[in-house]
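Everything below concerns the one structure shown next.
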Amino acid sequence: MSTITIHFKNKEEETFMENLLQKMRIAFVKDEDDFELTEEMKRVIDERKAKNHQEFTPAREFLKKIKKEHGI
């Protein structure tokens, strides 16, 4: 079995390639570990950056919290 890694510029390219591979009946596996931040995610991060640093939660604690709350 061979592995080929493809990096897409945008979602449109990804969708096109998925459809092409399906029509050609070529099996493929998407790596779901790689994702893009949504606008909402970016907004929340920007809000956190703007907070007073004395109230700031260390990154590891913050990541543990969002993993637990949101199943990331």
Side-chain angles (χ1 to χ4, degrees):
M1 176 185 229
S2 298
T3 301
I4 298 173
T5 302
I6 302 172
H7 299 277
F8 302 107
K9 293 178 191 170
N10 54 44
K11 187 69 176 170
E12 186 176 290
E13 285 184 2
E14 180 181 354
T15 302
F16 172 78
M17 186 57 72
E18 285 178 18
N19 291 336
L20 178 63
L21 293 172
Q22 287 172 350
K23 287 181 181 183
M24 295 174 67
R25 295 189 174 137
I26 297 173
F28 64 93
V29 177
K30 284 177 63 172
D31 182 2
E32 298 293 338
D33 290 338
D34 189 26
F35 66 93
E36 293 182 24
L37 296 175
T38 64
E39 292 304 315
E40 174 71 9
M41 291 172 167
K42 291 176 186 178
R43 183 188 61 74
V44 170
I45 290 170
D46 289 339
E47 287 176 4
R48 290 288 296 162
K49 287 190 323 187
K51 283 193 170 192
N52 183 340
H53 288 293
Q54 291 175 345
E55 299 173 15
F56 192 76
T57 304
R60 290 188 196 277
E61 289 179 32
F62 181 69
L63 289 173
K64 284 180 188 176
K65 181 179 177 182
I66 62 172
K67 282 181 182 180
K68 182 179 178 183
E69 290 178 3
H70 301 285
I72 297 175

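Please read these numbers as outputs of a predicted model, since none were measured by experiment. For the numbers below, each heavy atom of this structure counts, side chains included, while hydrogens, waters and symmetry mates do not. Numbers here simply count residues along the sequence, with the first being 1.
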Salt-bridged, [X] to [Y], with N to O below 4.0 Å?
X	Y	value
E47	R43	yes
E14	K11	yes
K49	D46	yes

request  = Determine the minimum heavy-atom distance between H7 and T5, stating which atoms define it.
outcome  = NE2-CG2, 3.6 Å
inquiry  = Using side-chain heavy atoms (C-beta onward) and a distance below 4.5 Å, is M17 in contact with L20?
reply    = yes
Give, for atom [atom1] of [X] and atom [atom2] of [Y], the distance between the pair rounded to the nearest 0.5 Å.
X	Y	atom1	atom2	answer
F28	I6	CZ	CD1	10.0 Å
E61	I66	CD	CD1	13.0 Å
K67	F62	NZ	CZ	12.0 Å

query = With the 4.5 Å side-chain cut-off for hydrophobic clustering, are I26 and F8 part of the same group?
reply = yes
inquiry  = Is there a path of hydrophobic side-chain contacts, each under 4.5 Å between heavy atoms of I/L/V/M/F/W/Y residues, joining L21 to I4?
reply    = yes
